[in-house]
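Heads up: the structure comes next, in structure tokens.
Counting from 1, the numbers follow the sequence of the chain as shown.
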Amino acid sequence: MFSGGALSRFSVFALGIMPYISASIIFQMLTYVLPSLESMRKEGEAGRRKITQYTRYATLGLALVQSYGIAVALQSQQGLVLNPGFMFVFICMVSLVTGTIFLMWLGEQITERVWATASRS
């Protein structure tokens, strides 16, 4: 439902931006639980950048776990994968994680451009 049919057509962007959104939510909640992240959040711009960097790493981790699950699920379907095995899982994971990281980068570029345009006005 959340993938917009990308899994049925198996797009490189099948994971979408959901790992980033999940990581962002996790770190927003952790800033209220962990004192080190809370102090980092209160540092201002430098702390926010550091938390954003941690969010990117968490996005990578979540994307790896989710892409592994998708690869194993696809591989378990009879007749769907011609050459099941380690290489299929690896290539599938690399493709899906790359798509997610690209979408995350694209979103950050759009955000930068919007803030740059808004600050000039």
Side-chain angles (χ1 to χ4, degrees):
M1 182 169 120
F2 291 114
S3 67
L7 287 175
S8 64
R9 291 187 295 284
F10 193 71
S11 166
V12 173
F13 304 121
L15 285 179
I17 200 72
M18 289 303 289
Y20 179 75
I21 292 170
S22 299
S24 181
I25 291 169
I26 289 168
F27 270 93
Q28 287 294 320
M29 291 190 307
L30 284 176
T31 57
Y32 294 104
V33 176
L34 298 175
S36 59
L37 286 177
E38 186 176 5
S39 64
M40 211 179 290
R41 180 177 53 111
K42 291 179 181 177
E43 287 177 10
E45 184 65 26
R48 189 187 62 78
R49 271 192 245 125
K50 196 71 165 166
I51 291 174
T52 301
Q53 190 67 30
Y54 292 154
T55 304
R56 289 181 190 135
Y57 292 136
T59 299
L60 179 64
L62 286 172
L64 283 168
V65 170
Q66 291 177 0
S67 65
Y68 178 76
I70 288 174
V72 169
L74 287 173
Q75 189 171 256
S76 69
Q77 301 295 317
Q78 291 295 335
L80 187 63
V81 178
L82 296 177
N83 297 319
F86 172 77
M87 281 309 291
F88 171 77
V89 172
F90 178 74
I91 291 171
C92 185
M93 287 177 65
V94 167
S95 300
L96 292 173
V97 170
T98 302
T100 297
I101 299 302
F102 174 73
L103 289 176
M104 182 178 66
W105 174 81
L106 189 63
E108 289 176 355
Q109 295 301 308
I110 291 170
T111 302
E112 260 183 47
R113 302 275 193 265
V114 167
W115 283 110
T117 304
S119 65
R120 281 188 252 152
S121 299

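Here the CD atom belonging to E108 is positioned 7.5 Å from the OG1 atom belonging to T52, to the nearest 0.5 angstrom. Here the CD1-CG distance, from I70 to L74, works out to 7.0 Å after rounding to the nearest 0.5 Å. Annotation: the span from M29 atom CE to L37 atom CG amounts to 12.5 Å, rounded to 0.5 Å. The distance from atom CD1 of I26 to atom CD1 of I21, rounded to the nearest 0.5 Å, is 12.0 Å. To the nearest 0.5 Å, atom CG of residue L62 and atom CE of residue M18 are 10.5 Å apart. To the nearest 0.5 Å, atoms CG (L103) and CD1 (I17) are separated by 5.5 Å.
When all heavy atoms are compared, the tightest approach of V97 to S67 is CG2-OG, 3.6 Å. What you find for V12 and S95 is that their closest heavy atoms are CG1-O, 3.4 Å. Closest approach of F27 to A58, counting heavy atoms only: CE1-CB, 3.5 Å. Listed here is the closest heavy atom pair of T100 and P19: CG2-CG, 4.0 Å.
A donor-acceptor distance shorter than 3.5 angstrom exists from the side chain of Q75 to the backbone of G85, with no hydrogens or angles considered. For the pair T59 (side chain) and T55 (backbone), a donor-acceptor distance under 3.5 Å is present.
I91 is not connected to I101 by any chain of hydrophobic side-chain contacts under 4.5 Å among Ile, Leu, Val, Met, Phe, Trp and Tyr, and they are in different clusters. Under the 4.5 Å side-chain heavy-atom criterion for grouping Ile, Leu, Val, Met, Phe, Trp and Tyr, F13 is connected to W105 within one hydrophobic cluster. Both L15 and F102 belong to a single network of hydrophobic side chains, linked directly or stepwise wherever heavy atoms of I, L, V, M, F, W or Y lie under 4.5 Å apart. Residues L64 and M87 are members of separate hydrophobic clusters, defined by side-chain heavy-atom contacts under 4.5 angstrom among Ile, Leu, Val, Met, Phe, Trp and Tyr. In this structure, I25 is not a member of the same hydrophobic cluster as Y54, with clusters built from ILVMFWY side-chain heavy atoms closer than 4.5 Å.
Within a 6.0 Å sphere centred on OH of Y68, heavy atoms belonging to other residues, nucleotides or ligands number 12 at most.
Two residues are said to be in side-chain contact when any heavy atoms from C-beta on lie closer than 4.5 Å; S76 and V72 fail this criterion.
The cationic atom of R56 (NZ for Lys, CZ for Arg) does not lie both less than 6.0 Å from the six-membered ring centre of Y20 and within 45° of the ring axis.
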